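In what follows, chains are A, B, ... by sequence order, proteins preceding strands, each numbered from 1. From a predicted model like this one, the values you see are computed outputs, not experimental measurements.
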Number of protein chains: 2
Amino acid sequence: MTQKQEQLSKNQQIVLSIIEKAKGPLKAYSILYNVQKKGIKAPLQVYRALEKLIEIGKIHKIESKNAFIVCKNSDCEISKATAFSICEKCEVVDEVSNVKLSNYLSKFNDKKGMKFKRFNLEFFGLCKRCKIK
Amino acid sequence: MTQKQEQLSKNQQIVLSIIEKAKGPLKAYSILYNVQKKGIKAPLQVYRALEKLIEIGKIHKIESKNAFIVCKNSDCEISKATAFSICEKCEVVDEVSNVKLSNYLSKFNDKKGMKFKRFNLEFFGLCKRCKIK
DNA sequence: CTTAATTTGTTATAATATAACGTTTGTTAT
DNA sequence: ATAACAAACGTTATATTATAACAAATTAAG
Ligand SMILES: [Zn+2]
Ligand SMILES: [Zn+2]
Ligand SMILES: [Zn+2]
Ligand SMILES: [Zn+2]
(Lines give C-alpha, C1' and ligand atoms only; values in the text may rest on other atoms or scores of the structure.)
(Ligands and ions follow the chains in the order given, each with its own letter.)
Protein backbone atom coordinates (compact mmCIF):
# COMPACT_ATOMS: atom_id res chain seq x y z
CA MET A 1 0.00 0.00 0.00
CA THR A 2 1.68 3.13 -1.24
CA GLN A 3 1.50 6.18 0.99
CA LYS A 4 0.16 8.85 -1.33
CA GLN A 5 -0.31 11.64 1.16
CA GLU A 6 3.12 12.82 2.23
CA GLN A 7 3.48 12.83 5.96
CA LEU A 8 5.29 15.86 7.21
CA SER A 9 8.01 15.53 9.78
CA LYS A 10 8.06 17.55 12.97
CA ASN A 11 10.29 20.34 11.70
CA GLN A 12 8.45 20.47 8.42
CA GLN A 13 5.15 20.88 10.26
CA ILE A 14 6.52 23.62 12.48
CA VAL A 15 7.91 25.60 9.55
CA LEU A 16 4.79 25.13 7.47
CA SER A 17 2.51 26.30 10.23
CA ILE A 18 4.50 29.52 10.64
CA ILE A 19 4.27 30.21 6.93
CA GLU A 20 0.57 29.42 6.88
CA LYS A 21 -0.13 31.85 9.69
CA ALA A 22 1.80 34.68 8.02
CA LYS A 23 -0.02 37.28 5.98
CA GLY A 24 2.71 37.42 3.38
CA PRO A 25 6.01 35.87 2.38
CA LEU A 26 8.46 35.12 5.16
CA LYS A 27 12.24 35.13 4.97
CA ALA A 28 14.17 32.13 6.15
CA TYR A 29 15.80 33.85 9.10
CA SER A 30 12.55 35.42 10.17
CA ILE A 31 11.10 31.92 10.22
CA LEU A 32 14.09 30.80 12.25
CA TYR A 33 13.51 33.46 14.90
CA ASN A 34 9.86 32.49 15.05
CA VAL A 35 10.52 28.83 15.66
CA GLN A 36 13.38 29.00 18.11
CA LYS A 37 10.98 28.59 20.99
CA LYS A 38 9.88 25.34 19.36
CA GLY A 39 13.30 23.79 19.38
CA ILE A 40 14.59 24.63 15.94
CA LYS A 41 17.92 26.27 16.50
CA ALA A 42 19.86 26.38 13.27
CA PRO A 43 19.35 27.81 9.78
CA LEU A 44 19.86 24.41 8.21
CA GLN A 45 16.89 22.99 10.01
CA VAL A 46 14.75 25.70 8.48
CA TYR A 47 16.26 25.44 5.03
CA ARG A 48 15.84 21.69 4.98
CA ALA A 49 12.19 21.97 5.90
CA LEU A 50 11.68 24.68 3.29
CA GLU A 51 13.29 22.53 0.64
CA LYS A 52 10.94 19.67 1.32
CA LEU A 53 7.86 21.88 1.54
CA ILE A 54 8.69 23.43 -1.82
CA GLU A 55 9.27 20.01 -3.32
CA ILE A 56 5.84 18.78 -2.35
CA GLY A 57 4.16 22.02 -3.38
CA LYS A 58 3.03 23.25 0.03
CA ILE A 59 4.94 26.48 -0.30
CA HIS A 60 6.67 28.53 -2.99
CA LYS A 61 9.76 30.66 -3.04
CA ILE A 62 9.37 34.20 -4.26
CA GLU A 63 12.70 34.40 -6.02
CA SER A 64 12.89 38.16 -6.31
CA LYS A 65 12.43 38.49 -2.57
CA ASN A 66 14.14 35.40 -1.19
CA ALA A 67 11.00 34.70 0.73
CA PHE A 68 8.55 31.87 1.16
CA ILE A 69 4.79 31.84 0.90
CA VAL A 70 2.14 29.20 1.35
CA CYS A 71 0.54 27.80 -1.78
CA LYS A 72 -3.05 28.86 -2.04
CA ASN A 73 -3.94 26.57 -4.96
CA SER A 74 -4.13 23.10 -3.52
CA ASP A 75 -0.46 22.50 -4.18
CA CYS A 76 0.03 23.92 -7.68
CA GLU A 77 0.57 20.73 -9.66
CA ILE A 78 3.53 20.18 -7.35
CA SER A 79 5.05 23.56 -8.05
CA LYS A 80 5.48 23.21 -11.75
CA ALA A 81 3.58 26.32 -12.70
CA THR A 82 3.72 29.32 -10.42
CA ALA A 83 2.80 32.96 -10.87
CA PHE A 84 2.74 35.82 -8.42
CA SER A 85 1.81 39.47 -8.28
CA ILE A 86 4.05 41.68 -6.21
CA CYS A 87 3.33 45.25 -5.16
CA GLU A 88 6.47 47.31 -5.48
CA LYS A 89 5.35 49.69 -2.78
CA CYS A 90 3.74 47.77 0.06
CA GLU A 91 5.38 44.48 -0.97
CA VAL A 92 2.16 42.52 -0.73
CA VAL A 93 2.39 39.27 -2.67
CA ASP A 94 -0.45 37.26 -4.10
CA GLU A 95 -0.46 34.01 -6.00
CA VAL A 96 -2.03 34.44 -9.42
CA SER A 97 -4.51 31.67 -10.15
CA ASN A 98 -5.51 31.84 -13.75
CA VAL A 99 -6.08 28.67 -15.67
CA LYS A 100 -5.74 30.32 -19.06
CA LEU A 101 -2.42 31.86 -18.13
CA SER A 102 -1.19 28.63 -16.64
CA ASN A 103 -2.21 26.63 -19.70
CA TYR A 104 -0.73 29.15 -22.07
CA LEU A 105 2.62 29.07 -20.35
CA SER A 106 2.64 25.34 -19.74
CA LYS A 107 2.15 24.79 -23.47
CA PHE A 108 4.65 27.41 -24.50
CA ASN A 109 7.41 25.98 -26.66
CA ASP A 110 10.83 27.33 -27.24
CA LYS A 111 12.18 27.75 -30.75
CA LYS A 112 15.43 26.24 -29.59
CA GLY A 113 13.93 22.81 -29.06
CA MET A 114 13.86 23.08 -25.33
CA LYS A 115 10.91 21.43 -23.62
CA PHE A 116 9.88 23.23 -20.49
CA LYS A 117 8.93 21.31 -17.41
CA ARG A 118 8.32 24.19 -15.10
CA PHE A 119 8.03 27.95 -14.93
CA ASN A 120 7.90 30.76 -12.44
CA LEU A 121 6.42 34.13 -13.26
CA GLU A 122 6.56 37.26 -11.15
CA PHE A 123 4.50 40.32 -11.99
CA PHE A 124 5.34 43.68 -10.45
CA GLY A 125 3.20 46.76 -10.10
CA LEU A 126 1.08 48.70 -7.66
CA CYS A 127 -1.72 47.02 -5.81
CA LYS A 128 -5.20 48.55 -5.61
CA ARG A 129 -4.52 50.19 -2.27
CA CYS A 130 -1.18 51.65 -3.28
CA LYS A 131 -2.51 52.98 -6.58
CA ILE A 132 -5.02 55.16 -4.77
CA LYS A 133 -2.61 56.78 -2.36
CA MET B 1 19.79 69.55 -25.39
CA THR B 2 18.90 66.43 -23.49
CA GLN B 3 21.36 63.57 -23.45
CA LYS B 4 19.31 60.67 -24.69
CA GLN B 5 21.98 58.01 -24.93
CA GLU B 6 23.08 57.12 -21.42
CA GLN B 7 26.81 57.38 -21.07
CA LEU B 8 28.25 54.59 -18.99
CA SER B 9 30.75 55.36 -16.28
CA LYS B 10 34.11 53.65 -16.07
CA ASN B 11 33.06 50.95 -13.62
CA GLN B 12 29.82 50.38 -15.45
CA GLN B 13 31.74 49.85 -18.69
CA ILE B 14 34.16 47.43 -17.07
CA VAL B 15 31.39 45.35 -15.53
CA LEU B 16 29.30 45.38 -18.68
CA SER B 17 32.18 44.25 -20.87
CA ILE B 18 32.84 41.27 -18.60
CA ILE B 19 29.20 40.26 -18.78
CA GLU B 20 29.12 40.72 -22.52
CA LYS B 21 32.13 38.48 -23.00
CA ALA B 22 30.71 35.71 -20.84
CA LYS B 23 28.91 32.80 -22.43
CA GLY B 24 26.31 32.64 -19.70
CA PRO B 25 25.16 34.39 -16.56
CA LEU B 26 27.84 35.58 -14.16
CA LYS B 27 27.62 35.88 -10.40
CA ALA B 28 28.51 39.12 -8.72
CA TYR B 29 31.60 37.81 -6.96
CA SER B 30 32.82 36.08 -10.06
CA ILE B 31 32.57 39.43 -11.80
CA LEU B 32 34.48 40.96 -8.92
CA TYR B 33 37.37 38.50 -9.25
CA ASN B 34 37.46 39.17 -12.98
CA VAL B 35 37.77 42.90 -12.62
CA GLN B 36 40.18 43.19 -9.76
CA LYS B 37 43.06 43.64 -12.19
CA LYS B 38 41.15 46.64 -13.54
CA GLY B 39 41.01 48.45 -10.24
CA ILE B 40 37.63 47.44 -8.93
CA LYS B 41 38.28 46.14 -5.44
CA ALA B 42 35.05 45.92 -3.51
CA PRO B 43 31.69 44.17 -3.91
CA LEU B 44 29.83 47.45 -3.71
CA GLN B 45 31.54 48.77 -6.79
CA VAL B 46 30.28 45.77 -8.70
CA TYR B 47 26.79 45.85 -7.24
CA ARG B 48 26.43 49.55 -7.98
CA ALA B 49 27.38 49.02 -11.58
CA LEU B 50 25.03 46.06 -11.85
CA GLU B 51 22.18 48.11 -10.44
CA LYS B 52 22.62 50.82 -13.03
CA LEU B 53 23.08 48.38 -15.91
CA ILE B 54 19.87 46.62 -14.95
CA GLU B 55 18.06 49.93 -14.66
CA ILE B 56 18.95 50.94 -18.20
CA GLY B 57 18.24 47.49 -19.58
CA LYS B 58 21.75 46.47 -20.60
CA ILE B 59 21.67 43.39 -18.41
CA HIS B 60 19.16 41.29 -16.52
CA LYS B 61 19.27 39.43 -13.26
CA ILE B 62 18.36 35.75 -13.34
CA GLU B 63 16.60 35.69 -10.00
CA SER B 64 16.62 31.95 -9.49
CA LYS B 65 20.39 31.91 -9.92
CA ASN B 66 21.48 35.24 -8.49
CA ALA B 67 23.36 35.84 -11.67
CA PHE B 68 23.55 38.48 -14.34
CA ILE B 69 23.33 38.17 -18.11
CA VAL B 70 23.58 40.62 -20.97
CA CYS B 71 20.35 41.59 -22.69
CA LYS B 72 20.22 40.22 -26.18
CA ASN B 73 17.12 42.18 -27.26
CA SER B 74 18.27 45.74 -27.75
CA ASP B 75 17.53 46.56 -24.13
CA CYS B 76 14.14 44.90 -23.53
CA GLU B 77 11.91 47.94 -23.25
CA ILE B 78 14.13 48.94 -20.36
CA SER B 79 13.73 45.65 -18.55
CA LYS B 80 9.97 45.72 -18.20
CA ALA B 81 9.32 42.38 -19.80
CA THR B 82 11.83 39.60 -19.40
CA ALA B 83 11.73 35.87 -20.00
CA PHE B 84 14.40 33.23 -19.81
CA SER B 85 14.86 29.55 -20.43
CA ILE B 86 17.10 27.73 -18.00
CA CYS B 87 18.45 24.21 -18.42
CA GLU B 88 18.27 22.40 -15.11
CA LYS B 89 21.17 20.17 -16.02
CA CYS B 90 23.87 22.18 -17.78
CA GLU B 91 22.53 25.49 -16.46
CA VAL B 92 22.62 27.19 -19.82
CA VAL B 93 20.42 30.27 -19.86
CA ASP B 94 18.85 31.92 -22.86
CA GLU B 95 16.68 34.98 -23.15
CA VAL B 96 13.32 34.13 -24.68
CA SER B 97 12.38 36.59 -27.40
CA ASN B 98 8.81 36.03 -28.36
CA VAL B 99 6.63 38.98 -29.22
CA LYS B 100 3.38 37.09 -28.73
CA LEU B 101 4.41 35.91 -25.31
CA SER B 102 5.62 39.34 -24.34
CA ASN B 103 2.42 40.98 -25.52
CA TYR B 104 0.26 38.39 -23.85
CA LEU B 105 1.95 38.91 -20.51
CA SER B 106 2.22 42.68 -20.82
CA LYS B 107 -1.53 42.86 -21.34
CA PHE B 108 -2.36 40.37 -18.63
CA ASN B 109 -4.65 41.85 -16.01
CA ASP B 110 -5.15 40.75 -12.48
CA LYS B 111 -8.60 40.14 -11.13
CA LYS B 112 -7.61 42.01 -8.00
CA GLY B 113 -7.36 45.33 -9.78
CA MET B 114 -3.62 45.39 -9.83
CA LYS B 115 -2.05 46.94 -12.90
CA PHE B 116 1.25 45.33 -13.77
CA LYS B 117 4.16 47.42 -14.90
CA ARG B 118 6.70 44.69 -15.27
CA PHE B 119 7.18 40.95 -15.21
CA ASN B 120 9.93 38.36 -15.11
CA LEU B 121 9.40 34.82 -16.28
CA GLU B 122 11.76 31.90 -15.87
CA PHE B 123 11.21 28.61 -17.68
CA PHE B 124 13.02 25.48 -16.55
CA GLY B 125 13.65 22.27 -18.43
CA LEU B 126 16.27 20.39 -20.36
CA CYS B 127 17.98 21.97 -23.30
CA LYS B 128 18.34 20.16 -26.61
CA ARG B 129 21.81 18.86 -25.80
CA CYS B 130 20.88 17.63 -22.34
CA LYS B 131 17.71 15.94 -23.55
CA ILE B 132 19.70 13.68 -25.86
CA LYS B 133 22.21 12.46 -23.32
C1' DC C 1 15.10 -7.76 13.41
C1' DT C 2 17.74 -5.69 9.75
C1' DT C 3 18.71 -2.66 6.38
C1' DA C 4 18.09 1.46 3.98
C1' DA C 5 16.37 5.96 3.68
C1' DT C 6 15.04 10.13 5.77
C1' DT C 7 15.28 13.40 9.16
C1' DT C 8 17.64 15.59 12.79
C1' DG C 9 21.20 18.22 15.46
C1' DT C 10 25.33 20.86 15.45
C1' DT C 11 29.32 23.59 14.19
C1' DA C 12 31.45 26.05 10.95
C1' DT C 13 31.72 28.61 6.82
C1' DA C 14 30.48 30.14 2.13
C1' DA C 15 28.05 33.20 -0.83
C1' DT C 16 25.24 37.17 -1.62
C1' DA C 17 24.19 41.91 -0.62
C1' DT C 18 23.88 46.50 1.77
C1' DA C 19 24.91 50.49 5.33
C1' DA C 20 27.39 54.45 6.21
C1' DC C 21 30.73 57.74 5.29
C1' DG C 22 33.36 61.00 2.88
C1' DT C 23 35.51 62.15 -1.69
C1' DT C 24 35.61 62.84 -6.55
C1' DT C 25 33.74 63.61 -10.93
C1' DG C 26 30.38 65.26 -14.18
C1' DT C 27 26.36 68.51 -15.49
C1' DT C 28 23.76 72.56 -15.51
C1' DA C 29 22.80 77.20 -15.03
C1' DT C 30 24.34 81.78 -14.06
C1' DA D 1 34.54 80.13 -14.92
C1' DT D 2 32.18 78.96 -10.92
C1' DA D 3 28.63 77.78 -7.88
C1' DA D 4 25.20 74.29 -7.04
C1' DC D 5 23.65 69.88 -7.62
C1' DA D 6 23.58 65.08 -8.89
C1' DA D 7 25.91 60.87 -9.97
C1' DA D 8 29.58 57.89 -9.36
C1' DC D 9 33.48 56.39 -6.62
C1' DG D 10 36.38 54.30 -2.82
C1' DT D 11 36.57 52.11 1.51
C1' DT D 12 35.49 49.67 5.70
C1' DA D 13 32.47 47.18 8.02
C1' DT D 14 28.55 44.39 8.47
C1' DA D 15 24.08 42.23 7.32
C1' DT D 16 21.65 38.64 5.04
C1' DT D 17 21.06 34.36 2.72
C1' DA D 18 22.53 29.68 2.12
C1' DT D 19 25.34 25.34 2.26
C1' DA D 20 29.21 21.84 3.72
C1' DA D 21 30.36 18.19 6.55
C1' DC D 22 29.57 14.78 9.89
C1' DA D 23 27.36 12.04 13.36
C1' DA D 24 23.15 10.60 15.73
C1' DA D 25 18.28 9.54 15.82
C1' DT D 26 14.05 8.25 13.68
C1' DT D 27 11.13 6.05 10.37
C1' DA D 28 9.68 2.80 6.57
C1' DA D 29 10.07 -1.62 4.35
C1' DG D 30 11.39 -6.31 3.61
ZN1 LIG E 1 0.76 27.45 -5.53
ZN1 LIG F 1 0.68 47.86 -2.39
ZN1 LIG G 1 16.57 41.64 -22.51
ZN1 LIG H 1 21.42 21.61 -20.83
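Contacts of A:S97 classified as side chain to side chain donor-acceptor pair (under 3.5 Å), with partners at least two apart in sequence or in another chain: A:N73.
Whole-Å rounding puts the B:L26 CG to C:dT16 C1' distance at 15 Å. The interatomic distance linking B:E51 (CD) with C:dT16 (P) rounds to 18 Å, in whole Å. To the nearest angstrom, P of D:dT27 lies 14 Å from CG of A:L8. B:I56 has its CD1 atom 14 Å from the P atom of D:dA7, to the nearest Å. Taking atom CG on A:L32 and atom P on D:dA18, their separation rounds to 13 Å, with Å as the unit. If you take CD1 of B:I40 and P of D:dG10, they are 7 Å apart, rounded to a whole angstrom. Whole-Å rounding puts the B:I54 CD1 to C:dT16 P distance at 15 Å. B:K65 has its NZ atom 15 Å from the P atom of C:dA15, to the nearest Å.
Counting heavy atoms from C-beta on, the side chains of B:K117 and A:E88 come closer than 4.5 Å. Within the 4.5 Å cutoff, the side chain of B:L101 has heavy atoms near those of the A:F108 side chain.
DNA chain D is contacted by both B:N11 and A:N66; B:N11 maps to the nucleotide lying nearer its 5′ end (nearest heavy atom per residue). If B:F68 and A:G39 are placed on DNA chain C by their nearest nucleotide, the residue sitting closer to the 5' end is A:G39.
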Short N/O separations, protein against nucleotides 18-23 of chain C, under 3.5 angstrom:
none

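Put simply, B:S9 has a side-chain N or O that comes within less than 4.0 Å of OP1 or OP2 on D:dC9. Between A:K52 and C:dT7, a side-chain N or O to OP1/OP2 separation shorter than 4.0 Å is present. Between B:Q12 and D:dA8 there is a side-chain polar atom (N or O) within less than 4.0 angstrom of OP1 or OP2. Residue B:K27 places none of its side-chain N or O atoms closer than 4.0 Å to OP1 or OP2 of C:dA14. Between C:dA17 and B:K61, a contact under 4.0 Å exists linking OP1 or OP2 to a side-chain N or O. For the OP1/OP2 pair of C:dG9 and a distance below 4.0 Å, the side-chain nitrogens and oxygens of A:Q45 include at least one atom meeting the criterion.
The pair B:E122-B:K65 fails the salt-bridge criterion, with no side-chain N (NZ, NE, NH1 or NH2) lying under 4.0 Å from an Asp/Glu carboxylate O.
Proximity of a side-chain donor or acceptor of B:K72 to a complementary backbone N or O of B:E95 within less than 3.5 Å is detected.
Side chain to side chain, A:S85 and A:D94 fail the donor-acceptor criterion of an N or O pair below 3.5 Å.
Counting non-hydrogen atoms of other residues, nucleotides and ligands closer than 6.0 Å to NZ of B:K128 gives a total of 12 or fewer. Residue-environment remark: CD (A:Q36) exceeds the threshold of 12 foreign heavy atoms within 6.0 Å. Remark: A:E20 CD is packed, more than 12 non-hydrogen atoms of other residues, nucleotides or ligands lying under 6.0 Å away.
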Annotated structure of DNA chain C as dot-bracket, pair cut-off 3.5 Å, Watson-Crick or G-U only, | for inter-strand, is ||||||||||||||||||||||||||||||
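Between D:dC9, D:dA8, C:dT8, one nucleotide has an atom nearer to the side chain of B:K10 than all others, and that is D:dC9.
Ring planes of B:Y47 and B:Y29: perpendicular class, angle over 60° (limits at 30 and 60°).
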